[in-house]
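Following: one structure in structure tokens, then a few remarks.
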Amino acid sequence: MARGLADFIVAESDRLILGVLGGARTTGIFSVAKEVSTLPSSEIVLPICRALTPTLSTIAGDPARLSAAIGKSLSGTMLIAAPVALGFALISNEFVTLLFGPKWTESIPILSILCIGGIAYAFREIAANALVITGNIRTTVMLSWANASVLILLFYPAYKLFNLTGIAWLIVISAFVTASAYALTLSKLNIASDKSLISGLLRPITSAALMYFITNYIFHHIDYFNPAINLGL
């Protein structure tokens, strides 16, 4: 419950604070960007977590087997989440234009940034469940509240200095820092080996990054002036 409260603050506090600082239009633009950016994570990562958690719990009494299974779970999840997150960032322009219309184009840069955070979100969810399965519930609560506290403390200066772009980068950077803290915790507690963490993260993220830059380069040099054609490609 304590972790859920922290996660709720992370998920909803930004729009509440923006409603006070920026007004209805600013909040609306950010809300659309955030809701769309979380679609890959909520539709792919959460179902995976719901399936993995009870399965991993059945082998919690065998540390070696559990460690290997957690490493494979992280690797498999990232293999899906990384390309989907960056791929969604690639099509953010066409996606928003077709589904929401030109009035919401201001949300596109914010959406592209927030999509990147989906990679960290995917890792964090699997890692948090691994800590819960191994009885390290207090650790997950501390990490969740640390993330929530950082977001709340830095929200105002990020907005004042960089507007919505600053808020988006704050969320993404905070997500990656928290994911790194989870990775260090898993390694320190011997829940997952350093080798499985590195190989499970490095290969899918590197491949997804190459996909992103190559596709982005192609789209910059080929303009079909039609969002539907670009989205299909």
Side-chain angles (χ1 to χ4, degrees), residues 1-14 16 34 37-38 40-42 44-82 85 114 116-155 158 169-205:
M1 185 178 70
R3 178 193 165 201
L5 179 59
D7 291 343
F8 177 80
I9 291 173
V10 171
E12 302 297 336
S13 62
D14 45 23
L16 178 63
K34 189 170 184 181
S37 71
T38 57
S41 300
S42 60
I44 295 176
V45 176
L46 290 182
I48 291 175
C49 288
R50 284 194 289 267
L52 280 176
T53 302
T55 303
L56 293 175
S57 297
T58 60
I59 57 173
D62 187 343
R65 188 181 174 193
L66 179 63
S67 177
I70 289 172
K72 291 179 180 179
S73 300
L74 289 169
S75 179
T77 303
M78 294 306 299
L79 189 64
I80 300 172
L114 290 174
I116 301 172
I119 300 174
Y121 174 82
F123 177 86
R124 187 180 62 193
E125 286 301 304
I126 299 294
N129 286 337
L131 289 174
V132 171
I133 290 168
T134 54
N136 296 283
I137 299 175
R138 182 173 295 181
T139 303
T140 64
V141 173
M142 291 174 62
L143 290 172
S144 296
W145 275 101
N147 184 32
S149 300
V150 168
L151 285 175
I152 295 297
L153 289 173
L154 297 181
F155 191 96
W169 278 116
L170 172 62
I171 292 173
V172 171
I173 293 172
S174 174
F176 275 97
V177 170
T178 305
S180 300
Y182 271 107
L184 290 173
T185 304
L186 291 177
S187 176
K188 184 178 179 181
L189 296 175
N190 295 319
I191 297 174
S193 66
D194 293 337
K195 183 179 179 180
S196 65
L197 288 172
I198 293 172
S199 63
L201 296 176
L202 188 60
R203 286 182 292 180
I205 292 177

**Considering all heavy atoms, the nearest K34-V10 contact** = NZ-O, 3.5 Å
**Asked** Do you know which two heavy atoms are closest between A6 and A148, and how far apart they sit?
**Response** O-CB, 3.9 Å
**Item:** Spacing of F123 atom CZ and L186 atom CG [to the nearest 0.5 Å]
**Value:** 5.5 Å
**Item:** R3 versus S144, closest heavy-atom pair with distance
**Value:** CG-OG, 3.3 Å
**Side-chain donor/acceptor of W169 to backbone N/O of A158, under 3.5 Å** = no
**Asked** Just wondering, do Y121 and I171 contact through their side chains at under 4.5 Å, heavy atoms?
**Response** no
**Asked** Would you say the side chain of T185 lies within less than 4.5 Å of the side chain of N136, judging by non-hydrogen atoms?
**Response** no
**Message:** What I'd like to find out is whether the side chain of Y182 reaches to under 4.5 Å of the side chain of L131, using heavy atoms alone.
**Reply:** yes
**Message:** Donor-acceptor check, side chain of S149 to backbone of W145, threshold 3.5 angstrom: yes or no?
**Reply:** yes
**Interatomic distance, I126 atom CD1 to I48 atom CD1 [nearest 0.5 angstrom]** = 6.5 Å
**Message:** Has T178 got a side-chain atom pairing as donor or acceptor with S174's backbone, closer than 3.5 angstrom?
**Reply:** yes
**Request:** Take D14 and L151 through the test side-chain contact (heavy atoms from CB on, under 4.5 Å) and record every step on the way to the result.
**Result:** CA-CA 8 Å; D14 45 23; L151 285 175; over 6 Å; no
**Asked** Distance from N129 atom CG to C49 atom SG, nearest 0.5 Å?
**Response** 5.0 Å
**Complete:** Closest heavy-atom pair, A127 versus L74, reported as atoms and distance to 0.1 Å, is N-CD2, 4.2 Å
**Request:** With rounding to the nearest 0.5 Å, note down the distance linking CD1 in I205 to CG in L201.
**Result:** 5.0 Å
**Item:** pair L189-T134: side-chain heavy atoms closer than 4.5 Å
**Value:** no
**Item:** Closest contact, heavy atoms only, P204 versus M78
**Value:** CB-O, 3.6 Å
**Asked** Less than 4.5 Å apart, any side-chain heavy atom of L52 and any of T77?
**Response** yes
**Gap between atom OG of S75 and atom CD1 of I80 - 0.5 Å precision** = 10.0 Å
**Prompt:** Can you name the nearest heavy-atom pair linking L66 to L56, along with the distance?
**Reply:** CD1-O, 3.6 Å
**Asked** Roughly how far apart are S199 OG and D194 CG, rounded to 0.5 Å?
**Response** 10.5 Å
**Message:** If we ignore hydrogens and angles and just use 3.5 Å, is the side chain of T140 paired with the main-chain N or O of I137 as donor and acceptor?
**Reply:** yes
